[in-house]
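Written below as C-alpha coordinates is the structure these notes are about.
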Protein chains: 2
Amino acid sequence: LQGPVSLLLADAAVELVPREISRHPSVEGYARRRGKRPENILLDSSYHYPAMRGLAAAEKRGRPDILHTTLLEALGSPLNKAGVLRVFCHTQSGLIIEVNPSVRLPRNYDRFKGLLEKLLVEGFISTERGETLLRAEKRGLREWIRENYGDGAGVILLSETGQPASERMLVEQASTGRAIFAVGCFPRGDFSEEVKSIAQGEISISCYRLEAWVAASRLLCLLERGFAALEGGGLAPDIT
Amino acid sequence: LQGPVSLLLADAAVELVPREISRHPSVEGYARRRGKRPENILLDSSYHYPAMRGLAAAEKRGRPDILHTTLLEALGSPLNKAGVLRVFCHTQSGLIIEVNPSVRLPRNYDRFKGLLEKLLVEGFISTERGETLLRAEKRGLREWIRENYGDGAGVILLSETGQPASERMLVEQASTGRAIFAVGCFPRGDFSEEVKSIAQGEISISCYRLEAWVAASRLLCLLERGFAALEGGGLAPDIT
(Lines give C-alpha, C1' and ligand atoms only; values in the text may rest on other atoms or scores of the structure.)
Protein backbone atom coordinates (compact mmCIF):
# COMPACT_ATOMS: atom_id res chain seq x y z
CA LEU A 1 0.00 0.00 0.00
CA GLN A 2 1.83 3.06 -1.28
CA GLY A 3 -0.40 5.80 -0.04
CA PRO A 4 -3.95 6.70 0.78
CA VAL A 5 -6.93 5.88 -1.38
CA SER A 6 -8.93 8.95 -2.30
CA LEU A 7 -12.68 9.15 -2.58
CA LEU A 8 -14.19 12.15 -4.31
CA LEU A 9 -17.89 12.75 -3.58
CA ALA A 10 -18.60 14.52 -6.83
CA ASP A 11 -21.24 17.00 -7.94
CA ALA A 12 -22.82 16.93 -4.50
CA ALA A 13 -26.27 18.53 -4.41
CA VAL A 14 -25.26 20.91 -1.63
CA GLU A 15 -25.59 24.71 -1.68
CA LEU A 16 -27.04 27.56 0.33
CA VAL A 17 -30.47 28.74 -0.83
CA PRO A 18 -29.85 30.84 -3.94
CA ARG A 19 -30.83 34.49 -3.68
CA GLU A 20 -33.44 34.22 -6.44
CA ILE A 21 -35.73 32.03 -4.30
CA SER A 22 -34.80 33.23 -0.80
CA ARG A 23 -38.08 35.19 -0.52
CA HIS A 24 -40.30 32.27 -1.50
CA PRO A 25 -42.79 31.37 1.28
CA SER A 26 -41.60 27.72 1.50
CA VAL A 27 -38.05 28.95 2.09
CA GLU A 28 -38.90 31.80 4.44
CA GLY A 29 -41.22 29.63 6.53
CA TYR A 30 -38.63 26.91 6.83
CA ALA A 31 -35.87 29.38 7.74
CA ARG A 32 -38.09 30.97 10.38
CA ARG A 33 -38.84 27.58 11.98
CA ARG A 34 -35.12 26.94 12.21
CA GLY A 35 -34.36 30.45 13.49
CA LYS A 36 -32.04 31.27 10.59
CA ARG A 37 -31.88 33.71 7.70
CA PRO A 38 -33.02 32.21 4.37
CA GLU A 39 -29.66 32.82 2.71
CA ASN A 40 -27.90 30.88 5.48
CA ILE A 41 -29.82 27.64 5.12
CA LEU A 42 -29.12 24.72 2.81
CA LEU A 43 -31.32 24.19 -0.18
CA ASP A 44 -33.31 21.01 0.50
CA SER A 45 -35.85 19.71 -1.98
CA SER A 46 -37.81 17.97 0.78
CA TYR A 47 -38.76 21.38 2.14
CA HIS A 48 -38.22 23.84 -0.71
CA TYR A 49 -39.67 21.92 -3.59
CA PRO A 50 -42.32 24.53 -4.46
CA ALA A 51 -39.63 27.23 -4.58
CA MET A 52 -37.25 25.13 -6.65
CA ARG A 53 -39.48 24.77 -9.68
CA GLY A 54 -38.01 27.89 -11.22
CA LEU A 55 -34.36 26.91 -10.71
CA ALA A 56 -32.15 25.61 -13.52
CA ALA A 57 -31.33 21.89 -13.24
CA ALA A 58 -33.62 21.72 -10.19
CA GLU A 59 -33.87 17.93 -10.42
CA LYS A 60 -30.16 17.58 -9.57
CA ARG A 61 -30.07 20.05 -6.67
CA GLY A 62 -31.09 20.37 -3.03
CA ARG A 63 -30.20 16.90 -1.70
CA PRO A 64 -27.71 17.27 1.16
CA ASP A 65 -29.05 13.97 2.53
CA ILE A 66 -27.13 12.10 -0.19
CA LEU A 67 -23.84 13.62 0.92
CA HIS A 68 -24.73 12.98 4.57
CA THR A 69 -25.44 9.27 4.19
CA THR A 70 -22.44 8.75 1.90
CA LEU A 71 -20.08 10.56 4.27
CA LEU A 72 -21.32 8.47 7.19
CA GLU A 73 -20.58 5.33 5.16
CA ALA A 74 -17.14 6.49 4.08
CA LEU A 75 -15.96 7.87 7.42
CA GLY A 76 -17.22 4.80 9.29
CA SER A 77 -15.47 2.38 6.93
CA PRO A 78 -12.67 0.08 8.09
CA LEU A 79 -10.49 1.69 5.40
CA ASN A 80 -10.92 5.10 7.05
CA LYS A 81 -10.44 3.67 10.53
CA ALA A 82 -7.19 2.13 9.28
CA GLY A 83 -6.06 5.63 8.28
CA VAL A 84 -5.72 5.02 4.55
CA LEU A 85 -8.75 6.85 3.17
CA ARG A 86 -8.85 10.48 2.09
CA VAL A 87 -12.34 11.84 1.46
CA PHE A 88 -13.15 15.11 -0.21
CA CYS A 89 -16.24 16.57 -1.73
CA HIS A 90 -16.98 18.72 -4.74
CA THR A 91 -20.31 20.48 -5.01
CA GLN A 92 -22.34 21.46 -8.04
CA SER A 93 -21.98 25.03 -6.86
CA GLY A 94 -18.20 24.82 -7.30
CA LEU A 95 -16.91 24.27 -3.77
CA ILE A 96 -14.25 21.83 -2.65
CA ILE A 97 -14.87 20.50 0.85
CA GLU A 98 -11.89 18.87 2.55
CA VAL A 99 -12.78 16.36 5.26
CA ASN A 100 -10.53 15.53 8.19
CA PRO A 101 -10.61 11.70 8.41
CA SER A 102 -11.08 11.88 12.17
CA VAL A 103 -14.14 14.16 12.08
CA ARG A 104 -17.17 12.68 13.81
CA LEU A 105 -20.09 14.05 11.82
CA PRO A 106 -23.55 14.40 13.35
CA ARG A 107 -25.66 11.30 12.73
CA ASN A 108 -28.75 13.44 12.95
CA TYR A 109 -29.65 15.04 9.62
CA ASP A 110 -30.75 18.41 11.01
CA ARG A 111 -27.51 18.73 12.94
CA PHE A 112 -25.50 17.74 9.89
CA LYS A 113 -27.26 20.45 7.92
CA GLY A 114 -26.56 22.95 10.70
CA LEU A 115 -22.88 22.06 10.52
CA LEU A 116 -22.75 22.37 6.73
CA GLU A 117 -24.54 25.72 6.89
CA LYS A 118 -21.91 27.00 9.28
CA LEU A 119 -19.20 25.57 7.02
CA LEU A 120 -20.60 27.21 3.90
CA VAL A 121 -21.05 30.57 5.61
CA GLU A 122 -17.74 30.65 7.53
CA GLY A 123 -15.52 28.49 5.31
CA PHE A 124 -14.28 26.08 7.94
CA ILE A 125 -15.17 24.08 11.04
CA SER A 126 -12.50 23.55 13.64
CA THR A 127 -12.16 22.13 17.13
CA GLU A 128 -11.56 24.27 20.18
CA ARG A 129 -7.90 23.32 19.93
CA GLY A 130 -7.71 24.74 16.40
CA GLU A 131 -7.73 21.50 14.41
CA THR A 132 -9.61 21.94 11.11
CA LEU A 133 -12.34 19.33 10.68
CA LEU A 134 -13.94 20.61 7.48
CA ARG A 135 -12.88 23.30 5.04
CA ALA A 136 -14.88 24.66 2.11
CA GLU A 137 -13.32 26.68 -0.68
CA LYS A 138 -14.52 27.99 -4.02
CA ARG A 139 -12.05 26.28 -6.32
CA GLY A 140 -11.77 24.71 -9.73
CA LEU A 141 -11.70 20.94 -9.31
CA ARG A 142 -9.01 20.42 -11.95
CA GLU A 143 -6.68 22.95 -10.39
CA TRP A 144 -7.29 21.65 -6.86
CA ILE A 145 -6.50 18.10 -7.91
CA ARG A 146 -3.34 19.18 -9.72
CA GLU A 147 -2.14 21.00 -6.61
CA ASN A 148 -2.91 18.09 -4.32
CA TYR A 149 -2.08 15.12 -6.52
CA GLY A 150 0.35 16.50 -9.06
CA ASP A 151 0.31 16.93 -12.82
CA GLY A 152 -1.44 14.23 -14.73
CA ALA A 153 -3.66 13.15 -11.84
CA GLY A 154 -7.23 12.33 -12.75
CA VAL A 155 -10.25 10.59 -11.37
CA ILE A 156 -11.94 7.26 -12.00
CA LEU A 157 -15.69 7.67 -12.21
CA LEU A 158 -18.01 5.03 -10.79
CA SER A 159 -20.90 4.75 -13.17
CA GLU A 160 -23.27 1.98 -14.18
CA THR A 161 -22.21 2.48 -17.79
CA GLY A 162 -18.49 2.13 -17.01
CA GLN A 163 -16.24 -0.80 -17.71
CA PRO A 164 -16.86 -3.67 -15.27
CA ALA A 165 -14.03 -3.61 -12.75
CA SER A 166 -12.65 -6.53 -10.82
CA GLU A 167 -11.37 -6.30 -7.28
CA ARG A 168 -7.84 -6.83 -8.58
CA MET A 169 -8.14 -3.88 -10.96
CA LEU A 170 -9.45 -1.66 -8.19
CA VAL A 171 -6.63 -2.59 -5.87
CA GLU A 172 -4.02 -2.11 -8.57
CA GLN A 173 -5.33 1.36 -9.25
CA ALA A 174 -5.56 2.17 -5.56
CA SER A 175 -2.03 0.90 -4.92
CA THR A 176 -0.50 3.69 -6.96
CA GLY A 177 -1.36 6.04 -4.11
CA ARG A 178 -2.69 8.54 -6.63
CA ALA A 179 -6.02 6.96 -7.49
CA ILE A 180 -9.08 9.11 -6.92
CA PHE A 181 -12.38 7.27 -7.18
CA ALA A 182 -15.36 9.52 -7.82
CA VAL A 183 -18.91 8.70 -6.68
CA GLY A 184 -21.69 11.01 -7.82
CA CYS A 185 -23.71 12.53 -4.97
CA PHE A 186 -26.64 13.87 -6.97
CA PRO A 187 -30.13 12.37 -7.31
CA ARG A 188 -30.31 11.91 -11.09
CA GLY A 189 -28.64 12.66 -14.37
CA ASP A 190 -24.98 12.47 -15.24
CA PHE A 191 -21.71 13.84 -13.87
CA SER A 192 -21.03 17.49 -14.71
CA GLU A 193 -18.77 18.45 -17.60
CA GLU A 194 -16.25 19.69 -15.04
CA VAL A 195 -15.98 16.24 -13.45
CA LYS A 196 -16.07 14.40 -16.76
CA SER A 197 -13.26 16.57 -18.11
CA ILE A 198 -10.82 15.19 -15.51
CA ALA A 199 -11.94 11.56 -15.77
CA GLN A 200 -9.27 9.06 -16.72
CA GLY A 201 -11.64 6.15 -16.72
CA GLU A 202 -15.17 5.07 -15.97
CA ILE A 203 -15.79 1.83 -14.14
CA SER A 204 -18.80 -0.12 -12.97
CA ILE A 205 -18.86 -2.24 -9.81
CA SER A 206 -22.39 -3.59 -10.13
CA CYS A 207 -24.91 -4.46 -12.79
CA TYR A 208 -27.41 -2.28 -10.90
CA ARG A 209 -27.66 1.47 -10.67
CA LEU A 210 -26.57 2.10 -7.10
CA GLU A 211 -27.27 5.02 -4.83
CA ALA A 212 -24.19 7.00 -3.81
CA TRP A 213 -23.88 5.48 -0.34
CA VAL A 214 -24.21 1.94 -1.67
CA ALA A 215 -21.67 2.59 -4.45
CA ALA A 216 -19.23 4.05 -1.89
CA SER A 217 -19.64 1.18 0.55
CA ARG A 218 -19.16 -1.43 -2.18
CA LEU A 219 -16.06 0.29 -3.53
CA LEU A 220 -14.55 0.59 -0.05
CA CYS A 221 -15.46 -2.99 0.85
CA LEU A 222 -13.70 -4.30 -2.26
CA LEU A 223 -10.63 -2.18 -1.55
CA GLU A 224 -10.56 -3.34 2.07
CA ARG A 225 -10.62 -6.95 0.93
CA GLY A 226 -7.98 -6.33 -1.67
CA PHE A 227 -5.64 -4.64 0.77
CA ALA A 228 -6.26 -7.29 3.40
CA ALA A 229 -5.29 -9.96 0.88
CA LEU A 230 -2.14 -8.04 -0.06
CA GLU A 231 -1.07 -7.37 3.48
CA GLY A 232 -2.53 -10.25 5.44
CA GLY A 233 -4.01 -7.56 7.62
CA GLY A 234 -7.20 -7.40 9.58
CA LEU A 235 -9.11 -4.94 7.43
CA ALA A 236 -11.52 -7.56 6.12
CA PRO A 237 -12.25 -11.28 6.39
CA ASP A 238 -9.87 -13.53 4.54
CA ILE A 239 -10.80 -14.51 1.03
CA THR A 240 -10.85 -18.29 1.52
CA LEU B 1 -28.72 -20.15 -3.86
CA GLN B 2 -31.46 -22.02 -2.03
CA GLY B 3 -33.51 -19.19 -0.72
CA PRO B 4 -33.37 -15.65 0.49
CA VAL B 5 -30.80 -14.31 2.89
CA SER B 6 -32.38 -12.71 5.92
CA LEU B 7 -31.15 -9.63 7.69
CA LEU B 8 -32.54 -8.86 11.13
CA LEU B 9 -32.04 -5.26 12.29
CA ALA B 10 -32.06 -6.09 15.98
CA ASP B 11 -32.84 -4.10 19.11
CA ALA B 12 -33.56 -1.02 17.02
CA ALA B 13 -33.76 2.17 19.08
CA VAL B 14 -37.23 2.98 17.76
CA GLU B 15 -40.33 3.67 19.85
CA LEU B 16 -43.06 6.26 20.31
CA VAL B 17 -42.43 8.73 23.11
CA PRO B 18 -43.25 6.89 26.35
CA ARG B 19 -46.14 8.30 28.36
CA GLU B 20 -43.95 9.09 31.37
CA ILE B 21 -42.10 11.87 29.49
CA SER B 22 -44.77 12.98 27.03
CA ARG B 23 -45.45 16.14 29.06
CA HIS B 24 -41.81 17.21 29.21
CA PRO B 25 -41.23 20.64 27.60
CA SER B 26 -38.62 19.32 25.13
CA VAL B 27 -41.13 16.72 23.91
CA GLU B 28 -44.18 18.98 23.87
CA GLY B 29 -42.34 21.76 22.06
CA TYR B 30 -41.00 19.38 19.43
CA ALA B 31 -44.42 17.77 18.92
CA ARG B 32 -46.05 21.17 18.54
CA ARG B 33 -43.51 22.26 15.90
CA ARG B 34 -44.34 19.11 13.95
CA GLY B 35 -48.09 19.52 14.44
CA LYS B 36 -48.47 16.16 16.20
CA ARG B 37 -49.51 14.85 19.59
CA PRO B 38 -46.53 13.97 21.84
CA GLU B 39 -47.57 10.33 22.13
CA ASN B 40 -47.59 10.00 18.33
CA ILE B 41 -44.02 11.07 17.73
CA LEU B 42 -40.88 8.96 17.75
CA LEU B 43 -38.50 9.27 20.66
CA ASP B 44 -35.35 10.95 19.30
CA SER B 45 -32.40 11.71 21.53
CA SER B 46 -31.32 14.58 19.27
CA TYR B 47 -34.43 16.49 20.32
CA HIS B 48 -35.61 14.87 23.55
CA TYR B 49 -32.34 14.42 25.36
CA PRO B 50 -33.34 16.55 28.37
CA ALA B 51 -36.53 14.53 28.77
CA MET B 52 -34.76 11.19 28.40
CA ARG B 53 -32.51 11.51 31.42
CA GLY B 54 -35.11 9.85 33.60
CA LEU B 55 -35.73 6.86 31.31
CA ALA B 56 -34.28 3.42 31.97
CA ALA B 57 -31.49 2.43 29.56
CA ALA B 58 -31.71 5.89 27.99
CA GLU B 59 -28.30 5.54 26.35
CA LYS B 60 -29.61 2.76 24.09
CA ARG B 61 -32.89 4.44 23.08
CA GLY B 62 -34.21 7.19 20.80
CA ARG B 63 -32.05 6.69 17.71
CA PRO B 64 -34.35 6.06 14.72
CA ASP B 65 -31.59 7.50 12.51
CA ILE B 66 -29.60 4.28 12.92
CA LEU B 67 -32.47 2.21 11.57
CA HIS B 68 -33.02 4.73 8.77
CA THR B 69 -29.46 4.72 7.47
CA THR B 70 -29.16 0.94 7.81
CA LEU B 71 -32.45 0.32 5.99
CA LEU B 72 -31.35 2.62 3.15
CA GLU B 73 -28.14 0.60 2.84
CA ALA B 74 -29.90 -2.75 2.93
CA LEU B 75 -32.78 -1.92 0.59
CA GLY B 76 -30.44 -0.26 -1.91
CA SER B 77 -28.07 -3.24 -1.98
CA PRO B 78 -27.51 -5.31 -5.13
CA LEU B 79 -28.60 -8.34 -3.07
CA ASN B 80 -32.00 -6.74 -2.47
CA LYS B 81 -32.29 -5.55 -6.05
CA ALA B 82 -31.62 -9.15 -7.12
CA GLY B 83 -34.62 -10.20 -5.03
CA VAL B 84 -32.78 -12.46 -2.58
CA LEU B 85 -32.78 -10.35 0.56
CA ARG B 86 -35.41 -10.39 3.28
CA VAL B 87 -35.12 -7.56 5.80
CA PHE B 88 -37.01 -7.33 9.03
CA CYS B 89 -36.60 -5.30 12.14
CA HIS B 90 -37.02 -5.92 15.83
CA THR B 91 -37.26 -3.01 18.24
CA GLN B 92 -36.22 -2.70 21.85
CA SER B 93 -39.85 -1.98 22.60
CA GLY B 94 -40.84 -5.47 21.39
CA LEU B 95 -42.15 -4.84 17.87
CA ILE B 96 -41.44 -6.85 14.75
CA ILE B 97 -41.44 -4.70 11.61
CA GLU B 98 -41.73 -6.57 8.32
CA VAL B 99 -40.31 -4.74 5.32
CA ASN B 100 -41.49 -5.27 1.77
CA PRO B 101 -38.28 -5.54 -0.29
CA SER B 102 -39.74 -3.23 -2.91
CA VAL B 103 -40.60 -0.38 -0.54
CA ARG B 104 -38.95 2.91 -1.44
CA LEU B 105 -38.35 4.55 1.91
CA PRO B 106 -38.04 8.32 2.25
CA ARG B 107 -34.41 9.45 1.98
CA ASN B 108 -35.27 12.45 4.11
CA TYR B 109 -35.04 11.73 7.82
CA ASP B 110 -38.10 13.77 8.87
CA ARG B 111 -40.23 12.02 6.29
CA PHE B 112 -38.89 8.64 7.36
CA LYS B 113 -39.85 9.46 10.93
CA GLY B 114 -43.29 10.56 9.79
CA LEU B 115 -43.74 7.22 8.05
CA LEU B 116 -42.58 5.22 11.08
CA GLU B 117 -44.89 7.22 13.35
CA LYS B 118 -47.82 6.34 11.13
CA LEU B 119 -46.65 2.71 11.10
CA LEU B 120 -46.35 2.52 14.87
CA VAL B 121 -49.74 4.16 15.41
CA GLU B 122 -51.69 2.31 12.70
CA GLY B 123 -49.76 -0.95 12.47
CA PHE B 124 -49.15 -0.97 8.74
CA ILE B 125 -48.31 1.12 5.67
CA SER B 126 -49.80 0.09 2.37
CA THR B 127 -50.05 1.38 -1.17
CA GLU B 128 -53.25 2.67 -2.67
CA ARG B 129 -53.64 -0.69 -4.38
CA GLY B 130 -53.54 -2.46 -1.01
CA GLU B 131 -50.00 -3.85 -1.09
CA THR B 132 -48.45 -3.86 2.38
CA LEU B 133 -45.10 -2.04 2.47
CA LEU B 134 -44.41 -2.13 6.20
CA ARG B 135 -46.13 -3.95 9.02
CA ALA B 136 -45.47 -3.57 12.74
CA GLU B 137 -46.67 -6.06 15.30
CA LYS B 138 -46.08 -6.58 19.03
CA ARG B 139 -44.57 -10.06 18.99
CA GLY B 140 -42.01 -12.20 20.71
CA LEU B 141 -38.98 -12.49 18.45
CA ARG B 142 -38.43 -16.20 19.16
CA GLU B 143 -42.01 -17.09 18.33
CA TRP B 144 -42.05 -14.93 15.20
CA ILE B 145 -38.87 -16.55 13.91
CA ARG B 146 -40.20 -20.04 14.62
CA GLU B 147 -43.38 -19.28 12.68
CA ASN B 148 -41.50 -17.80 9.74
CA TYR B 149 -38.38 -19.96 9.63
CA GLY B 150 -39.44 -23.19 11.32
CA ASP B 151 -38.33 -25.00 14.46
CA GLY B 152 -34.67 -24.78 15.26
CA ALA B 153 -34.11 -21.54 13.35
CA GLY B 154 -31.81 -19.04 15.02
CA VAL B 155 -29.82 -15.98 14.25
CA ILE B 156 -26.15 -15.23 13.72
CA LEU B 157 -25.12 -12.09 15.54
CA LEU B 158 -22.63 -9.69 14.01
CA SER B 159 -20.46 -8.45 16.81
CA GLU B 160 -16.88 -7.26 17.12
CA THR B 161 -16.28 -9.94 19.74
CA GLY B 162 -17.56 -12.76 17.53
CA GLN B 163 -15.55 -15.40 15.72
CA PRO B 164 -13.83 -13.95 12.63
CA ALA B 165 -15.84 -15.10 9.62
CA SER B 166 -14.56 -15.65 6.12
CA GLU B 167 -16.56 -14.92 3.01
CA ARG B 168 -16.83 -18.66 2.39
CA MET B 169 -18.35 -19.26 5.83
CA LEU B 170 -20.86 -16.48 5.32
CA VAL B 171 -21.92 -17.83 1.96
CA GLU B 172 -22.20 -21.38 3.28
CA GLN B 173 -24.46 -20.18 6.06
CA ALA B 174 -26.49 -18.03 3.71
CA SER B 175 -26.86 -20.85 1.20
CA THR B 176 -28.98 -22.88 3.59
CA GLY B 177 -31.80 -20.42 2.91
CA ARG B 178 -32.50 -20.30 6.64
CA ALA B 179 -29.69 -18.07 7.79
CA ILE B 180 -30.68 -14.91 9.62
CA PHE B 181 -27.88 -12.44 10.18
CA ALA B 182 -28.52 -9.93 12.97
CA VAL B 183 -27.05 -6.43 13.04
CA GLY B 184 -27.62 -4.37 16.17
CA CYS B 185 -29.31 -1.01 15.51
CA PHE B 186 -28.67 0.65 18.86
CA PRO B 187 -26.03 3.27 19.71
CA ARG B 188 -24.12 1.48 22.45
CA GLY B 189 -24.09 -1.53 24.72
CA ASP B 190 -24.87 -5.11 23.91
CA PHE B 191 -27.69 -7.07 22.26
CA SER B 192 -30.73 -7.64 24.49
CA GLU B 193 -31.20 -10.91 26.33
CA GLU B 194 -34.12 -11.65 23.99
CA VAL B 195 -31.86 -11.47 20.94
CA LYS B 196 -28.98 -13.29 22.59
CA SER B 197 -31.31 -16.11 23.62
CA ILE B 198 -31.96 -17.04 19.99
CA ALA B 199 -28.36 -16.63 18.81
CA GLN B 200 -26.78 -19.70 17.24
CA GLY B 201 -23.46 -18.00 16.70
CA GLU B 202 -21.62 -14.74 16.94
CA ILE B 203 -19.34 -13.65 14.13
CA SER B 204 -17.09 -10.72 13.39
CA ILE B 205 -16.49 -9.31 9.92
CA SER B 206 -13.97 -6.62 10.84
CA CYS B 207 -11.34 -5.92 13.44
CA TYR B 208 -13.06 -2.58 14.04
CA ARG B 209 -16.27 -1.80 15.85
CA LEU B 210 -18.58 -0.85 12.98
CA GLU B 211 -21.71 1.23 12.98
CA ALA B 212 -24.86 -0.65 12.01
CA TRP B 213 -24.99 0.65 8.43
CA VAL B 214 -21.34 -0.15 7.81
CA ALA B 215 -21.71 -3.63 9.29
CA ALA B 216 -24.78 -4.27 7.13
CA SER B 217 -23.12 -3.02 3.93
CA ARG B 218 -20.00 -5.11 4.53
CA LEU B 219 -22.04 -8.24 5.26
CA LEU B 220 -24.15 -7.74 2.14
CA CYS B 221 -21.11 -6.94 -0.01
CA LEU B 222 -19.40 -10.15 1.05
CA LEU B 223 -22.55 -12.17 0.38
CA GLU B 224 -22.99 -10.55 -3.03
CA ARG B 225 -19.45 -11.48 -3.93
CA GLY B 226 -19.87 -14.99 -2.66
CA PHE B 227 -23.07 -15.55 -4.60
CA ALA B 228 -21.59 -14.00 -7.73
CA ALA B 229 -18.68 -16.43 -7.50
CA LEU B 230 -21.07 -19.36 -7.03
CA GLU B 231 -23.36 -18.40 -9.85
CA GLY B 232 -21.14 -16.51 -12.24
CA GLY B 233 -23.80 -13.82 -11.99
CA GLY B 234 -23.56 -10.08 -12.16
CA LEU B 235 -24.18 -9.28 -8.52
CA ALA B 236 -20.61 -8.18 -7.94
CA PRO B 237 -17.29 -7.85 -9.72
CA ASP B 238 -15.45 -11.10 -10.38
CA ILE B 239 -12.95 -12.19 -7.79
CA THR B 240 -9.86 -12.31 -10.03
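Naming convention: chains lettered A, B, ... in sequence-line order (proteins, then strands); numbering from 1 in each chain.
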For Gly76(A) against Leu210(B), the heavy-atom pair lying closest together: O-CD2, 4.2 Å
Region of Arg111(A) that comes under 4.5 Å of a non-hydrogen atom in chain B: side chain
Part of Glu211(A) within contact of chain B (heavy atom distance under 4.5 Å): side chain
Between atom [atom1] of [X] and atom [atom2] of [Y], what is the distance when rounded to the nearest 0.5 Å?
X: Ser46(A); Y: Asp110(B); atom1: OG; atom2: CG; result: 8.0 Å
X: Leu219(A); Y: Cys221(B); atom1: CG; atom2: SG; result: 9.5 Å
X: Tyr208(A); Y: Ser77(B); atom1: OH; atom2: OG; result: 9.5 Å
X: Arg225(A); Y: Glu167(B); atom1: CZ; atom2: CD; result: 4.0 Å

Leu220(B) vs Ser217(A) side-chain heavy atoms within contact, under 4.5 Å: no
Pairwise side-chain contact, Arg218(A) with Glu224(B), heavy-atom cut-off 4.5 Å (strictly under): yes
Option among Asp65(A), Asn108(A), Thr69(A) that satisfies the side chain to side chain contact (heavy atoms under 4.5 Å, CB included) test with Tyr109(B): Asn108(A)
Trace of the side-chain contact (heavy atoms from CB on, under 4.5 Å) decision for Glu73(B) with Glu73(A): CA-CA 9 Å; Glu73(B) 265 297 332; Glu73(A) 266 297 333; 3.1 Å; yes
Side chain, backbone, both or neither of Ile66(B) within contact of chain A (heavy atoms, under 4.5 Å): neither
Donor-acceptor contact present, side-chain Lys81(A) to main-chain Cys207(B), <3.5 Å: no
